[in-house]
Amino acid sequence: MVADDLLKDLNSGQQDVVRATDGPLLVLAGAGTGKTRCIIYRAAYLIATRKVRLENLLIVTFTNKAARELRQRLAETFGIFQKNLWVGTFHSLFSKILRFESEFLPVNSNYVIYDEKDQKNLVSQLYKTLNIDSKQYVPRVVRSIISNQKNSLIFPEHFWEFNKENPYTHEVYRIYKLYQAELIKRNAMDFDDILAYMAKLLDENPAVRSKWNKRFRYIMIDEYQDTNYAQFKIINYLAQEHQNLCVVGDDDQAIYTWRGATIKNILNFEYDYKNVKVIRLERNYRSHKNILALSNSLIQHNAARHEKELYTDLVSEEMPRLLALDNENEEAGYIAEKLNEYHKKCLWQDCAILYRTNAQSRVLEKILVQQKIPYQIYGEVNFFQRKEVKDVLCYLRLLVNHLDLESLNRALSLQKGVGKTTIAALIAEAELRKENPYKLVMGSELEFLKPRAAKMLKVFSSMMHNFTELSRQESIPDLLAAVLDETEIGAQFAIKNGRKSRKTKLTDPELISRQENLLELITGANEFNDEYLKLNDDPPSLTEYLNSATLQTDLDTAEDDADMVKLMTMHNAKGLEFEHVFIIGLEDGLLPHSRSIEEDLKDGTDAKIEEERRLLYVGITRAKKTLTMTLARWRRGIMGNDVTLPSRFIKDFDERFLNEERYDPYAYFTPSRPKRKPAVKIVKVVLESEKHYKIGQKIKHSEHGTGEILNVDGKGKNALLTVKFEDGKVKKIVGNYVELI
DNA sequence: TTTAGAGCATTTTTT
DNA sequence: ATGCTCTAAA
């Protein structure tokens with residue numbers, strides 16, 4: 001495509017963005033103003049018109065999925081060859097650079113990345129050595145303090161200066177110091193280290209800095225409002241010489257300050273760089289008028305923001321709705337009703353239900369299953385964080401990095417006949433000999449252990465030797481299959497040679513879902529392999545696979561072309577759009593979340609509440625055609641609070657943009673508790689995904705012939721099935737007596 | 001010394 | 001409802 005053609009697809013503001021190729025550029029792009037499009041076209045323009053070489057371009061996105069889509073669209077629309085194109089998240093891009101530059105780091109290029117769970121485990125382990133009480137210093141909290149320090153580029157050696165007065169931080173300081181030393185000893189980096197060390201590297205090595213400066217002559221950053229200090233510094237260093245930095249973001253959509261992101265980055269961009277060009281994109285192409293007007297009326301109540309007003313030409317068909325239901329079940333029921341109504345005119349996948357906390361999906365699931373509405377939950381638990389998956393991967397991690405004590409620990413604990421005492425003895429001995437514990441196990445002399453323990457460890461070491469051998473010859477998926485077989489983890493879940501075993505069938509839904517996850521792990525590895533070969537000449541190394549696995553989120557792996565209603569948190573909805581959006585739980589304590597309310601009270605600010613308001617704003621602006629918001633007057637909460645209060649944000653709305661027929665959320669009569677089931681029989685709700693039998697499946701019965709499952713009551717093979725047979729008869733049959741076909 | 005099973009606390013959002 | 005720790009049995 002030629003440059004002139006390219007520009008005519010864009011409005012004048014977007015054209016300005018594309019043409020302003022040199023110097024610092026701040027694009028304030030409101031929701032739905034075509035910001036992704038801008039980035040893609042700008043990249044294409046740089047390449048096609050300004051003849052910028054692919055490898056001189058750096059584009060940072062917020063998720064891996066966004067990066068993948070950007071790549072694809074560049075390839076499809078502009079025929080831009082994907083190889084050599086640096087598009088990715090901060091973490092994925094910089095973990096790569098750090099591997100390149102590992103000679104300047106305290107770790108080598110095979111370092112493993114510790115995820116949150118690894119971090120927490122490590123923190124807990126240190127308490128014994130440091131003699132610290134884990135009740136007083138909750139590992140979870142300490143981990144997050146450490147994380148915040150790193151995101152602000154405060155290394156252990158500086159920590160003390162900033163926190164002298166506080167006695168609590170004295171202990172945290174001791175933990176942080178040892179934690180960091182231990183990570184390095186294990187040749188590991190945690191999530192935050194990737195940013196922290198990248199910044200440190202660029203700060204301390206002018207030669208390295210200059211090298212990457214020259215390499216990335218043009219830089220674009222998406223979702224700039226959600227970057228933290230470390231990210232700010234990295235970008236600042238990378239753009240130092242050429243200043244060709246384009247950041248795109250919307251301060252009204254900053255929803256990650258709890259993760260260290262600072263809204264200052266976008267608010268102060270004009271002061272951080274000289275001769276900044278600012279372009280505002282305020283024309284919205286996504287939402288119908290009233291939805292946009294409603295969102296504007298809400299966000300205006302925030303004080304700290306760039307003033308802007310979005311507008312659109314899209315005429316509304318329906319008024320946004322806000323209504324109060326009696327309880328959470330009715331809330332879900334109402335949503336289901338509405339979904340069915342919309343489904344007459346649109347696909348399931350055009351509808352999304354958004355909520356504040358993951359737990360809120362439970363009630364929805366129950367109703368959606370009942371009503372047979374297909375749905376898909378995005379990002380509940382990260383796939384690679386599941387226990388069974390981590391169990392398998394720890395062997396690979398160990399192969400790549402012998403120093404990874406966390407993985408060694410995990411692998412040994414999985415070994416039959418090896419327990420805490422043996423592991424402790426091994427590590428103690430290794431310390432004594434000043435040797436790496438893994439090497440010690442893999443060597444032949446284990447005479448310091450009791451014969452029985454030594455024998456068990458021998459089994460482990462010969463297995464690992466075997467894996468080492470296999471890893472040289474086999475592809476990653478094959479290696480995974482081998483690990484599953486040899487460790488007998490596979491057998492536990494009826495998996496053989498990377499496939500479902502024919503002989504044994506699982507009945508326990510818990511096991512079935514784990515089996516599915518493990519099979520998915522192998523499929524995913526295959527996909528990774530293929531994807532990788534598209535961009536590179538050689539197959540991926542184990543390190544690269546593990547790297548991508550740890551940095552992958554559930555969102556990245558999700559299939560989104562399936563025709564199902566989408567359920568997700570508002571955080572996860574960032575960057576997405578849907579025809580019909582439902583937002584549930586507009587209640588104080590939930591949205592804004594009670595934690596945010598408390599923190600603001602403590603600090604005497606509105607910062608957290610404002611962030612929650614932005615979160616709701618993000619939710620609302622996902623909607624194209626219709627918006628439905630609900631609250632329940634009664635909700636069973638974790639905190640035990642039964643009766644709820646409407647969200648304080650409701651009064652921010654300009655009522656002119658809300659449906660008049662709505663129930664008045666403030667009209668509190670007698671909220672009714674959901675009716676309790678009779679106490680005789682405890683009815684357990686089984687999620688559709690856990691069931692062995694699924695509604696709609698075809699089955700065969702020795703006496704009645706073939707039929708279709710109408711309903712499933714209970715989990716596993718013993719579930720009571722309601723089956724409609726071919727002769728029209730409907731019978732209830734226990735699962736064991738039928739065969740799936 | 002290991003392991004299994006019971007009892008305990010615990011959930012805001014996630015790269 | 002899930003994961004973790006503690007206790008008792010093998």
Side-chain angles (χ1 to χ4, degrees), chain A residues 60-67 88-95 113-117 119-121 124 134-135 138-140 143-144 147 150-151 190-195 223 226-228 230-231 254-261 354-362 365 378-382 384-387 412-425 449-453 456 510 548 550-556 568-574 585 589-599 608 611-612 614-616 618-619 636-640 684-687 690:
Chain A
V60 184
T61 59
F62 196 68
T63 61
N64 291 301
K65 192 176 150 216
T89 62
F90 278 98
H91 288 85
S92 71
L93 291 166
F94 297 147
S95 64
I113 300 171
Y114 270 29
D115 68 17
E116 197 173 326
K117 196 162 234 165
Q119 294 177 43
K120 229 180 341 192
N121 285 348
S124 317
S134 68
K135 289 245 161 55
V138 186
R140 228 185 69 244
R143 189 215 69 87
S144 106
S147 170
K150 289 183 175 180
N151 284 327
D190 64 23
F191 273 146
D192 310 304
D193 280 335
I194 293 173
L195 303 178
E223 308 283 7
D226 285 321
T227 51
N228 59 35
Q231 289 163 329
I255 51 176
Y256 282 94
T257 60
W258 54 270
R259 211 171 71 190
L354 311 180
Y355 36 78
R356 174 68 236 262
T357 67
N358 280 309
Q360 287 173 265
S361 69
R362 293 277 148 77
E365 269 192 283
Y378 274 52
E380 203 169 14
V381 204
N382 192 343
F384 287 100
Q385 232 166 279
R386 306 197 121 100
K387 186 183 180 299
L412 286 176
S413 309
L414 287 165
Q415 198 68 21
K416 285 271 170 283
V418 179
K420 273 190 199 136
T421 321
T422 312
I423 298 175
L449 289 170
K450 299 228 170 75
R452 204 170 65 99
M456 295 304 191
E510 174 73 36
S548 103
T550 340
L551 297 177
Q552 200 79 230
T553 65
D554 218 38
L555 219 56
D556 298 324
M568 67 188 88
T569 61
M570 279 177 271
H571 282 94
N572 269 337
K574 185 161 102 157
L590 209 48
L591 186 66
H593 197 274
S594 49
R595 287 286 244 274
S596 302
I597 300 174
E598 282 163 26
E599 277 176 57
K608 292 282 164 185
E611 176 146 330
E612 299 279 308
R614 290 194 293 268
L615 191 57
L616 177 57
V618 167
R636 168 174 277 128
I638 315 150
M639 304 142 273
K684 205 174 159 197
V685 176
V686 183
L687 302 183
E690 294 179 342

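In the text below, chain A, chain B and the rest are named by the order of the sequence lines, each starting its count at 1. What you see below is based on every heavy atom in this structure, not just the backbone, and it leaves out hydrogens, waters and symmetry mates.
- Residue Asp192(A) is classed as having no contact, given no heavy-atom separation below 4.0 Å to the nucleic acid.
- The side-chain hydrogen bond (donor to acceptor under 3.5 Å, both in side chains) test applied to Thr569(A) returns no partner, not counting sequence neighbours.
- At the heavy-atom level, Arg140(A) lies under 4.0 Å from the strands shown only through sugar-phosphate atoms.
- With sequence neighbours excluded, the residues forming a side-chain contact (heavy atoms from CB on, under 4.5 Å) with Ser361(A) are Tyr355(A), Glu365(A), Ile377(A), Glu380(A), Leu567(A), listed by chain and number.
- Taken to the nearest 0.5 Å, the NZ atom of Lys416(A) stands 10.0 Å off from the CE atom of Met456(A).
- Stacking between His571(A) and the base of dT13(B) is absent under the criterion of ring centres within 5.5 Å and planes under 30 degrees.
- Among dC4(C), dT14(B), dT12(B), the nucleotide with an atom closest to any side-chain atom of Thr569(A) is dT14(B).
- Rounded to whole Å, the distance from NE2 on His91(A) to P on dT15(B) is 10 Å.
- Side-chain N or O atoms of His571(A) include one that pairs as donor or acceptor with a backbone N or O of Ile255(A) at under 3.5 Å.
- Leu551(A) places its CG atom 10 Å from the P atom of dT15(B), with the value rounded to the nearest Å.
- In terms of the side-chain hydrogen bond (donor to acceptor under 3.5 Å, both in side chains) criterion, residue partners of Asp226(A) (sequence neighbours excluded) are, by chain and number, Lys574(A).
- With sequence neighbours excluded, no residue forms a side-chain hydrogen bond (donor to acceptor under 3.5 Å, both in side chains) with Ser124(A).
- Contact annotation: Arg356(A) side-chain N/O to dT12(B) OP1/OP2 distance is not under 4.0 Å.
- We find the CG-OG1 distance between Leu551(A) and Thr89(A) to be 6.0 Å, quoted to the nearest 0.5 Å.
- Distance, Tyr355(A) OH to dT14(B) C1': 14 Å, rounded to whole Å.
- The phosphate of dT14(B) (OP1 or OP2) has a side-chain N or O of Asn358(A) nearer than 4.0 angstrom.
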Secondary structure string for DNA chain C (Watson-Crick or G-U under 3.5 angstrom, | for other-strand pairs): .|||||||||
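- Atom CZ of Arg143(A) and atom P of dT10(B) are 17 Å apart (whole Å).
- In this structure, Phe90(A) reaches neither bases nor backbone, as no heavy-atom distance under 4.0 Å exists between it and the strands shown.
- The side chain of Arg362(A) lies closest to dA1(C), out of dA1(C), dT14(B), dT15(B).
- The side-chain hydrogen bond (donor to acceptor under 3.5 Å, both in side chains) test applied to Thr257(A) returns Glu611(A), not counting sequence neighbours.
- Here the P atom of nucleotide dT14(B) and the NE2 atom of His593(A) are 12 Å apart, to the nearest Å.
- A straight line from NZ of Lys65(A) to P of dT15(B) spans 12 Å, rounded to a whole angstrom.
- Separating the NZ atom of Lys120(A) from the C1' atom of dT2(C) is a distance of 12 Å, rounded to the nearest angstrom.
- Within the 4.0 angstrom heavy-atom criterion, base atoms lie near Glu599(A).
- Taking Ala230(A) as the reference, Leu153(A), Leu195(A), Asn228(A) meet the side-chain contact (heavy atoms from CB on, under 4.5 Å) condition, with sequence neighbours excluded.
- Every residue two or more places apart in sequence or in another chain that forms a side-chain contact (heavy atoms from CB on, under 4.5 Å) with Arg140(A) is listed here: Lys120(A), Val138(A), Arg595(A).
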Provide a list of protein-nucleic acid N or O atom pairs under 3.5 angstrom, restricted to nucleotides 1-5 of chain B.
from: dT2(B); atom 1: OP1; to: Gly419(A); atom 2: N; distance (Å): 3.1
from: dT2(B); atom 1: OP1; to: Thr422(A); atom 2: OG1; distance (Å): 2.2
from: dT2(B); atom 1: OP2; to: Thr421(A); atom 2: N; distance (Å): 3.2
from: dT2(B); atom 1: OP2; to: Thr421(A); atom 2: OG1; distance (Å): 2.7
from: dT3(B); atom 1: OP1; to: Gly417(A); atom 2: N; distance (Å): 2.7

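- Summarising the geometry, the separation between CD1 on Ile113(A) and C1' on dT14(B) is reported as 15 Å, rounded to the nearest angstrom.
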